[in-house]
Amino acid sequence: MSIMGTRVVRTEDPLFLSRGATYTDDLTDERLSGALHLTLVRSPLAHARITAVDVEEARTAPGVVAVITGADVDLPPALLFGGANKGMVRPWLATEKVRFVGEPVVAVVTEEAYQGQDAADLVAVDYDPLPAVIDLKAAATDEVLVFEEVGTNTSNGFGLKDEFDEHLFDDCEVVVTKEIVNQRLAAASLETRAASAVWGADGRVTLWCSTQAAQAAKGEVAGWLGVDADLVHVITPDVGGGFGAKIGADPEFALVAWLARHTGRPVRWNETRSENMTGMVQGRAQAQTITIGGNREGDVLAYRLDVLADAGAYPRLGALLPMFTRMMAPGVYDIPKVESRARVLVTTTTSTAAYRGAGRPEATAAIERAMDLFAAEIGKDPVEVRRRNLLRPEQFPLTTKGGAPYDSGEYGKALDAVLEAADYAGLRAEQKRRRDAGEVVQLGIGVSVFVEITGGGAFSEDAAVEVHPDGTVTVLTGTSPHGQGHATAWAMLASEHLGIEISKITVKHGDTDLIPRGSGTMGSRSLQTGGVAVHQAAGELVELAKQRAADLLEANVDDLEVGDGRGAVKGTDSGVTLAQLAESEPLKVDTNFDSGAPSFPFGAHVAVVEVDVESGKAVVDRIVTVDDAGPVLNPLLCEGQRHGGIAQGISQALLEEVVYDDDGNPLTATFADYAFPSAAELPSFTLLDMATPTHLNPLGVKGIGEAGTIGATPAVQSAVIDAVSHLGVRHIDMPTSPLRVWTAINAASGENA
């Protein structure tokens with residue numbers, strides 16, 4: 001019986017649930033014996049000139065080994081995103097100016113971790129405050145410059161050289177325009193950022209760090225330090241979540257390595273939660289202008305998306321993500337005319353980067369909100385408007401107006417499935433009853449249909465599979481798990497070919513000496529690249545084993561089969577175990593799989609929300625979803641990814657938002673201020689199964705990790721607005737908090753009075 005498609009319990013969990021994870025801050029490696037501890041003095045101001053730094057008192061504090069300012073660091077400032085304006089570089093420690101609250105200014109290195117903050121409090125920094133730049137429209141005026149020497153706040157852009165077509169909507173009977181916000185979010189991962197470094201006598205540095213991509217981190221840190229990549233060895237221990245914010249390396253990782261070289265001793269760093277909430281990259285942060293036009297029958301004929309994207313103070317991966325927003329702009333719809341552009345701006349805030357979905361949720365939120373606004377304007381059911389404009393299965397594969405090469409899709413089938421399971425007609429009837437009765441708690445129904453790009457930009461992955469003489473198996477993978485269950489899934493794939501039980505299969509990752517090549521884990525790419533690479537390696541190892549067994553058994557290769565951990569002549573008892581074949585020489589295969597293109601999973605969500613119109617509080621009652629990522633390897637793991645994504649999608653729609661005041665002070669720097677739900681605040685999810693394979697890999701699989709955040713967010717936002725639409729409300733920006741809902745209701749009542 002095949003193990004593929006079965007509910008195999010995670011092999012990682014017994015250790016996590018008993019001993020617990022070993023995060024970077026938990027390491028007891030003997031090479032870190034006697035390590036020093038880094039504490040960073042961070043800017044309390046969003047934008048200011050540094051007029052003086054006095055560290056003398058701090059240098060005499062108990063346990064202090066070194067106090068380092070920016071003038072002491074002999075590394076050039078770093079351009080953290082190659083596509084950004086070349087003048088927008090980040091110093092390792094701020095010298096002349098600070099550009100966001102939390103920017104590192106001074107490094108304090110102490111014998112014990114507890115001594116660091118006491119010494120840091122003795123550092124005196126004089127600041128000359130400058131006006132903060134928080135609002136994207138204000139940033140676009142260049143009235144206050146984050147980098148005066150650059151002369152603009154524009155970091156980079158996409159489609160900026162293309163003029164919008166002034167005749168785009170000429171054939172449309174109805175045109176709707178709306179400015180909407182896809183708010184800034186914090187990753188809020190279980191483990192904050194951490195790094196430890198030690199230099200060896202051979203001139204190499206070993207760097208332990210919490211990252212989603214060890215090999216990428218190695219390259220970045222080597223470049224920042226100005227050393228050959230072979231002199232950097234990155235090891236990734238257990239990682240407590242990433243959600244995109246831990247892709248590659250942080251500048252602090254290179255600073256830890258530099259300090260270890262400077263002091264001649266190992267150095268460790270682990271940030272506090274408040275430091276994480278102000279210093280770790282954040283996500284989303286787009287101001288969007290959507291314009292949609294069509295006829296009164298419901299045909300959408302034209303769509304325009306104009307984006308202002310917030311890069312934060314120093315452009316990082318967030319400056320690239322509007323490219324994906326533009327690519328996915330038309331979503332699942334067959335719209336004849338589509339145009340978009342995006343301008344990326346620096347502000348005096350924390351830098352932005354990827355957050356679960358990374359540019360694609362922003363695109364879906366925009367087009368789904370546009371479809372709702374268009375449906376409301378022409379007085380038609382939003383479901384029917386969607387269905388009327390969906391791409392049809394027979395059109396695939398195709399290249400969209402956004403330039404995306406869609407591989408396969410059954411969008412109408414997904415929509416019909418969730419509507420039937422949710423009893424859409426019954427929900428509308430109950431909604432009408434509550435409205436007619438004037439009840440305090442009203443019902444809202446939100447629908448979204450989505451498609452996303454997975455594996456984008458990282459189509460290939462490396463893997464190795466080796467059978468040992470004791471019958472155990474080692475799998476080496478270039479992917480880097482941080483909660484996804486790779487140890488279980490990759491063992492399943494190897495077991496399927498080799499017939500060796502998964503308890504004897506060990507999956508190793510995140511060590512650049514052991515696994516020098518790898519693309520890491522991001523963009524929902526793991527199974528369709530890393531998993532397929534393991535599947536391919538195991539298959540190639542079977543062929544190698546058959547050849548070796550044929551020589552040993554004096555049989556024809558075509559007469560051999562491999563199963564139950566042995567190679568045997570078909571129909572006979574003549575055979576040899578794979579372990580025996582590994583005794584004379586290693587039985588190992590290294591391989592690389594390259595899909596050559598991304599895949600495009602899709603789905604549909606129905607959200608049912610109850611809104612108290614007197615208080616504005618919205619509660620999600622039900623959510624029904626199809627998240628089609630092709631054939632499922634392990635339903636247990638797949639459902640876990642769907643659950644997590646849906647929870648984060650609901651959270652953005654209702655609760656989460658990183659907020660700054662007008663002076664650039666973060667108002668959401670702790671979990672007391674930054675809201676997200678626990679399991680107690682969420683309903684059970686109805687997960688419908690649907691599998692549309694892709695032709696891009698032999699397993700037919702697509703990505704699943706980010707689906708929930710893409711489909712759930714617009715569905716829940718739409719449901720909240722729908723619950724109060726009969727009161728005249730047409731739009732509420734996310735998060736749809738009680739205050740915002742209450743304000744929208746009262747504003748609409750005033751307009752209708």
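Basis for what follows: all heavy atoms, side chains included, without hydrogens, waters or symmetry-related copies. By convention here, the first residue in the shown sequence is residue 1.
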Visitor: Could you tell me if the side chain of K337 sits less than 4.5 Å from the side chain of K401, heavy atoms only?
Guide: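 They are not in contact (no side-chain heavy atoms under 4.5 Å apart), so the answer is no.
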
Visitor: Please tell me if the side chains of V239 and Q212 come closer than 4.5 Å, counting only heavy atoms from C-beta onward.
Guide: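 Side chain of V239 against side chain of Q212, heavy atoms only: no contact under 4.5 Å found.
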
Visitor: Atom CZ of residue position R59 - does it have more than 12 heavy atoms of other residues, nucleotides or ligands inside 6.0 Å?
Guide: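 Buried by this count: over 12 neighbours within 6.0 Å.
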
Visitor: What do the steps show when you test E96 against R49 for salt bridge (charged side-chain N to carboxylate O under 4.0 Å, His left out), and what is the final call?
Guide: CA-CA 6 Å; E96 299 176 356; R49 300 195 190 283; over 6 Å; no

Visitor: With rounding to the nearest 0.5 angstrom, report the CZ to CG distance, R326 to L305.
Guide: 9.0 Å

Visitor: Inspect the surroundings of NZ in K86 and state if more than 12 heavy atoms from other residues, nucleotides or ligands are less than 6.0 Å away.
Guide: yes

Visitor: Is it true that, when you exclude E148 itself, more than 12 heavy atoms of the residues, nucleotides or ligands shown sit nearer than 6.0 Å to its CD?
Guide: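 Yes, enclosed.
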
Visitor: Could you go through the side chain to side chain contact (heavy atoms under 4.5 Å, CB included) check for T154 and V344 one step at a time?
Guide: CA-CA 6 Å; T154 299; V344 183; over 6 Å; no

Visitor: Side chains of I50 and T95, heavy atoms from C-beta outward: is any pair under 4.5 Å?
Guide: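 The answer is no, as the side chains (C-beta and beyond) never meet within the 4.5 Å cut-off.
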
Visitor: Please check: side-chain N/O of T350 versus main-chain N/O of T278, any donor-acceptor pairing under 3.5 Å?
Guide: yes

Visitor: Determine whether Y127 and V105 make a side-chain contact, defined as any pair of heavy atoms from C-beta on separated by less than 4.5 Å.
Guide: yes

Visitor: Under the criterion side-chain hydrogen bond (donor to acceptor under 3.5 Å, both in side chains), which of E191, R193, E271 is the partner of N276?
Guide: E271

Visitor: Apply side chain to side chain donor-acceptor pair (under 3.5 Å) to the pair T454 and S524, showing each step before the final yes or no.
Guide: CA-CA 5 Å; T454 61; S524 300; 5.9 Å; no

Visitor: Any side-chain heavy-atom pair from H47 and V144 closer than 4.5 angstrom?
Guide: yes

Visitor: Q183 and side-chain hydrogen bond (donor to acceptor under 3.5 Å, both in side chains): which partner among E657, E656, Q652, Q286?
Guide: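 It is Q652; the other options fail the test.
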
Visitor: Check whether more than 12 heavy atoms from other residues, nucleotides or ligands sit under 6.0 Å from atom CD of E149, and answer yes or no.
Guide: yes

Visitor: Could you walk me through whether R90 and E252 pass the salt bridge (charged side-chain N to carboxylate O under 4.0 Å, His left out) test, one step at a time?
Guide: CA-CA 11 Å; R90 175 171 167 172; E252 286 85 348; 3.3 Å; yes

Visitor: With heavy-atom distances below 4.5 Å as the criterion, would you say the side chains of L345 and L308 are in contact?
Guide: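 The answer is yes, as the side chains (C-beta and beyond) meet within the 4.5 Å cut-off.
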
Visitor: Taking the side chain as every heavy atom from C-beta outward, state whether R99 and Y314 have any atom pair closer than 4.5 Å.
Guide: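 In contact.
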
Visitor: Is the ring pair W224/W92 parallel, tilted or perpendicular, if the boundaries are 30 and 60 degrees?
Guide: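 Answer is perpendicular, since the angle exceeds 60°.
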
Visitor: Hey, are the side chains of V55 and V53 touching, using non-hydrogen atoms and a 4.5 Å cut-off?
Guide: yes

Visitor: In terms of heavy-atom contacts, does CG of D228 have more than 12 from other residues, nucleotides or ligands at under 6.0 Å?
Guide: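 Yes, the 6.0 Å shell around CG holds more than 12 heavy atoms from other groups.
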
